[in-house]
K.L.:
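Structure below; questions to follow.
The basis for the numbers below is simple: all heavy atoms, side chains too, and nothing from hydrogens, waters or symmetry mates. Quick caveat, the model's predicted, so the values are computed rather than measured.
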Amino acid sequence: MRSLADAEAVLLICCGFWWWEKCCREEAVLTNVGRVLEARGREFLGDKYKDPIASFTDFHKFSIENPEAYWKMVFEEIGITFSVEPSCILRENDAYPGGEWLPGAVLNAAANCLTAKPGRSSDDVAIVWRDEGKDSEPLNFVTLEELRKKVCLVANALDALNLAKGSAIAIDMPMNVNAVVIYLAIVLAGYVVVSIADSFAAPAISMRLKISETKAIFTQDYILRDDKELPLYSRVVEAKAPRTIVIPVRGSTPIKGLRADDLSWEDFLAKVNHAKADNYTAVEQPAYAFTNILFSSGTTGEPKAIPWTHLTPLKSAADGWCHMDIRRGDVVAWPTNLGWMMGPWLVYASLLNGASMALYNGSLTSSGFAKFVQDAKVTMLGLVPSIARSWKSTDCTAGFDWSTIRCFSSSGEASSVDDYLWLMGRVCYKPVIEYCGGTEIGGGFVAGSLLQPQALSAFSTPAMGCNLFILDNNGNPLPQDSVGTGELALDPTFLGASTTLLNADHHEVYFSGMPEWNGKVLRRHGDEFERTPDGYYRAHGRADDTMNLGGIKVSSIEIERICNRVNDAILETAAIGVPPLGGGPEQLTIAVVFKDQSSQTEDLNQLKLAFNTALKKLNPLFKVSSVVVVPSLPRTASNKVMRRVLRKEFTQQPKHSKI
């Protein structure tokens, strides 16, 4: 929070402190990190070690200063196996920003997912799932052994396509059991996954296929939502995709109208000699071999094509192990898609940690999903804040028992204190672990921890193994642990970060023009962050989402947090700095989405006055110039608000209008 001295903030944050004081001290030694520190705290920290809670900050510093010991411990705890062990954890190498990780190591990330972890067996559940509309039926389960056999079958069928090893193979379909099986099979067999979100139109699909030089693609005939058939294969065909394997969404229903070279799922699997279908020898590869190509949002121009390697899953799993405390036997749900980094993250963070993945094929804002969380006994539920806002607005989670949840996690956009206070109240104020990172990182650079009191809509610690900096107005790092706001920069020495881009100059994008610290050029991220007097971090959106109001730089998100709470009729807002026609200082415009748009009768002049009154608490110089009602906020496919689109529209709009 900006300052816990603010009385209202104290009231809200105390709920997080209350949970921590009551439960976390009792359960600290049961967490992954707490258990390790109880056993090895003095070995790692010497006489500085007190207990898991008091020593967590020292342990974070240890993870940065002693990567050899820290990451060796993490790999042992998770149970990562190498066919060839690395010569060391990290060594200097000018070809890799921040150094070369696991030199000499040979492994396969997918093979590690399909191996039973200590304390777990091949008969344990790997995936629990349910289809929309079947909410009263029993859950569906896939054991680890069943998953292994399914993956091996698909891997064998992939080889029958006679593609060269290392070829790019795309997935454009919802995140269901088949998608997870295909994803793991592509990696297991030494090919490279191309991740495409199932929401994309044909031009976006086509662009990604061309950038990655995709040789084949998996998709479904259509997506089923509320018993409506939303075409998917036809979009892939329109994108002029290469050879396509099409899965029928209704089981064995024949697929009509396939192109000459395309295959049905049934015919694809029939290519396998079933005498050896259940087994496959993993293609072991060097640590930096590509496993997955993901893309930035690409709201303007060509999206960045970001390769993941066999190292990246280790970062994802380590974050889940430490920050979300994903344990053996847990059930992890995070509604997402393989087209975005949280899809592969979920696969690796759950399976590499010996947990079950919970997948719901349907609408997330329905009582069906809420019942699935209850029935699957989810222990960690991840989400984007807009989902919580919708749940709160519709109350679709009422009456369901979510008591198995130990924590939530939140990523993707700025969260609301009010919405997350409501969400925590659903489960006796279990905490929300905020998590912020990027596709090019494979995880987070700042997060929360169950060993620290969590402030709502704030981060309590840099991610383990990650060192971050806030730059001053001159672009230089502020002293570490000092209070301030500015563009965020990262120490380049952290596991899993990208080292190349397929269609852009990696150094130019992430390092050019950045300051040095301790002889290393810092890595650009692009977010604006604040470190508060209380030691928390707050995100203020992208650095290009800041405004200059009367000579004062302020984040759109900071203003939106206040405006969202002005009136109960408001669903969400977007704060935009709009230059007046003819030039001059930016004027603050608030775009408003109302919960009930059919009966909206709010006086916009009164609403403007209410906004200005509320903003006085932030800065009395901030004045709302105009209020514009919109039916919805424009967003990228990964749910980020496109304020630049609104800015362009509002430049030509009259004040106090509807669009």
K.L.:
Look at the side chain of Lys371 and the backbone N and O of Phe400, then say whether any donor-acceptor pair between them is shorter than 3.5 Å.
P.N.:
no
K.L.:
Less than 4.5 Å apart, side chain to side chain, heavy atoms only: is that true for Ile247 and Met173?
P.N.:
yes
K.L.:
Taking atom types as modelled and ignoring hydrogens, do the side chains of Asp131 and Asn361 form a donor-acceptor contact shorter than 3.5 angstrom?
P.N.:
yes
K.L.:
Would you say the side-chain atoms of Ser121 and Asp123 include a donor-acceptor pair closer than 3.5 Å?
P.N.:
no
K.L.:
Working note: Leu314 + Leu102, criterion side chain to side chain contact (heavy atoms under 4.5 Å, CB included); need CA distance, chi angles, decisive distance, verdict.
P.N.:
CA-CA 11 Å; Leu314 308 185; Leu102 307 186; 3.9 Å; yes
K.L.:
Kindly say whether Asp278 contributes a backbone atom to a donor-acceptor pair with the side chain of Arg148 at under 3.5 angstrom?
P.N.:
yes
K.L.:
Compare every heavy atom of Ser411 with every heavy atom of Pro385, then report the nearest pair and how far apart it is.
P.N.:
CD-O, 3.7 Å
K.L.:
Run the numbers on Tyr348 and Asn112 for side chain to side chain contact (heavy atoms under 4.5 Å, CB included), then give the verdict.
P.N.:
CA-CA 9 Å; Tyr348 292 122; Asn112 272 272; over 6 Å; no
K.L.:
Might you work through the ring pair (Phe, Tyr, Trp, His ring centres under 6.0 Å) test for Trp402 and Trp391, ending with a clear yes or no?
P.N.:
CA-CA 14 Å; Trp402 285 7; Trp391 290 343; 5.5 Å; yes
K.L.:
Check for me whether Arg523 meets the cation-pi criterion with Tyr510, that is, NZ or CZ under 6.0 Å from the six-membered ring centre and within 45 degrees of the ring axis.
P.N.:
yes
K.L.:
Is it the case that Arg130 places NZ or CZ above or below the six-membered ring of Phe372, under 6.0 angstrom from the centre and within 45 degrees of the axis?
P.N.:
no
K.L.:
List the steps, then state whether side chain to side chain contact (heavy atoms under 4.5 Å, CB included) holds for Val378 with Val332.
P.N.:
CA-CA 6 Å; Val378 169; Val332 182; over 6 Å; no
K.L.:
Is His310 reaching over with its side chain to a backbone N or O of Ala109, donor-acceptor style, under 3.5 angstrom?
P.N.:
yes
K.L.:
Quick check against the 3.5 Å criterion: does Ser206 have a side-chain atom that pairs as donor or acceptor with the backbone of Ala202?
P.N.:
no
K.L.:
Charged N to carboxylate O below 4.0 Å: is that the case for Asp325 and Arg327?
P.N.:
yes
K.L.:
Indicate the atoms forming the closest heavy-atom contact of Val384 with Gly412, along with that distance.
P.N.:
CG1-CA, 4.5 Å
K.L.:
Backbone N or O of Lys210 within a donor-acceptor pair of the Thr214 side chain at under 3.5 Å?
P.N.:
no
K.L.:
Counting distance only, does the side-chain N/O of Glu146 pair as donor-acceptor with the main-chain N or O of Thr143 below 3.5 Å?
P.N.:
yes
K.L.:
Which distance, rounded to the nearest 0.5 Å, do you find between the CG of Asn503 and the OG1 of Thr500?
P.N.:
9.5 Å
K.L.:
Any chance CD of Glu213 has more than 12 other-residue heavy atoms, nucleotides or ligands included, within less than 6.0 Å?
P.N.:
no
K.L.:
Taking atom types as modelled and ignoring hydrogens, do the side chains of Ser498 and His506 form a donor-acceptor contact shorter than 3.5 angstrom?
P.N.:
yes
K.L.:
How about Ser195 and Asn292: does a side-chain donor come under 3.5 Å of a side-chain acceptor?
P.N.:
yes
K.L.:
What closest approach, in Å, do Asp221 and Val246 show between heavy atoms, and which atom pair accounts for it?
P.N.:
N-CG1, 3.6 Å
K.L.:
Please determine if Arg243 and Asp261 form a salt bridge, counting it only when a charged side-chain N lies under 4.0 Å from a carboxylate O.
P.N.:
yes
K.L.:
Apply the test side chain to side chain donor-acceptor pair (under 3.5 Å) to residues Arg225 and Ser363: give CA-CA distance (whole Å), side-chain angles for both, the deciding distance (0.1 Å), then the verdict.
P.N.:
CA-CA 7 Å; Arg225 286 290 181 272; Ser363 172; over 6 Å; no
K.L.:
I'd like to know whether NZ of Lys165 has more than 12 heavy-atom contacts from other residues, nucleotides or ligands below 6.0 angstrom.
P.N.:
yes
K.L.:
Which of these passes side chain to side chain contact (heavy atoms under 4.5 Å, CB included) with Ile196: Val194, Asp198, Val193?
P.N.:
Val194
K.L.:
Looking at Ser350 and Leu346, would you say the former's side chain and the latter's main chain have a donor-acceptor pair under 3.5 Å?
P.N.:
yes
K.L.:
With a 4.0 Å cut-off, would you call Lys315 and Asp319 a salt bridge?
P.N.:
yes
K.L.:
For the residue pair Thr379 and Ile405, establish whether any side-chain heavy-atom pair is separated by less than 4.5 Å.
P.N.:
no
K.L.:
Working to the nearest 0.5 angstrom, can you tell me the gap between Lys117 NZ and Asp124 CG?
P.N.:
13.0 Å
K.L.:
Residues two or more places apart in sequence or in another chain: which of them pass side chain to side chain donor-acceptor pair (under 3.5 Å) with Arg259?
P.N.:
Thr244, Asp262
K.L.:
State yes or no: are the ring centers of Phe445 and Phe494 separated by less than 6.0 Å?
P.N.:
no
K.L.:
Any luck finding a side-chain donor-acceptor pair between Gln220 and Asp172 under 3.5 Å?
P.N.:
no
K.L.:
Taking the side chain as everything from C-beta on, heavy atoms only, tell me whether Lys215 gets closer than 4.5 Å to Pro242.
P.N.:
no
K.L.:
After noting the C-alpha distance and the side-chain angles of Val180 and Ile127, does the key distance pass the side chain to side chain contact (heavy atoms under 4.5 Å, CB included) rule?
P.N.:
CA-CA 9 Å; Val180 173; Ile127 303 175; 4.1 Å; yes
K.L.:
About how many Å separate CD of Glu508 and CG of Leu501, when rounded to the nearest 0.5 Å?
P.N.:
11.5 Å
K.L.:
Please find the pair of heavy atoms, one from Tyr280 and one from Ala189, that lie closest to each other, and give the distance.
P.N.:
OH-CB, 3.4 Å
K.L.:
So Lys271 and Asp267, salt bridge (charged side-chain N to carboxylate O under 4.0 Å, His left out) or not? Walk me through it.
P.N.:
CA-CA 7 Å; Lys271 289 178 171 290; Asp267 290 341; over 6 Å; no
K.L.:
Less than 3.5 Å apart, any donor N or O on the side chain of Tyr222 or Arg250 sitting next to an acceptor on the other?
P.N.:
yes
K.L.:
How many angstroms lie between CD1 in Ile441 and OG1 in Thr312, if you round to the nearest 0.5 Å?
P.N.:
11.0 Å
K.L.:
Aromatic ring centroids of Trp345 and Trp334 under 6.0 Å?
P.N.:
yes
K.L.:
Hey, does the side chain of Asn353 reach the backbone of Ala355 with a donor-acceptor pair shorter than 3.5 angstrom?
P.N.:
no
K.L.:
May I ask you to check whether Glu434 and Ser415 show a side-chain donor-acceptor distance below 3.5 Å?
P.N.:
yes
K.L.:
With a 3.5 Å distance limit and no angle check, can you tell me whether Ser296 reaches the backbone of Lys304 through a side-chain donor-acceptor pair?
P.N.:
yes
K.L.:
How close do Ile293 and Ala305 get, counting heavy atoms only, and between which atoms?
P.N.:
CG2-CB, 4.1 Å
K.L.:
Measure the spacing between OG of Ser316 and CH2 of Trp321 and express it to the nearest 0.5 Å.
P.N.:
15.5 Å
K.L.:
Do Phe200 and Trp340 have ring centroids that are under 6.0 Å from one another?
P.N.:
yes
K.L.:
Nearest 0.5 Å please: distance from the NZ atom of Lys149 over to the OG atom of Ser122.
P.N.:
9.0 Å
K.L.:
Excluding sequence neighbours, so at least two apart, what forms side chain to side chain donor-acceptor pair (under 3.5 Å) with Trp101?
P.N.:
none
K.L.:
Considering non-hydrogen atoms only, spot the tightest contact between Leu90 and Gly99 and give its length.
P.N.:
CD1-C, 3.8 Å
K.L.:
Mind checking what makes side chain to side chain donor-acceptor pair (under 3.5 Å) contact with Tyr191, not counting sequence neighbours?
P.N.:
Asp159
K.L.:
Looking at Thr439, is its backbone amide N or carbonyl O close enough to the side chain of Trp308 to form a donor-acceptor pair, meaning the two atoms are under 3.5 Å apart?
P.N.:
yes
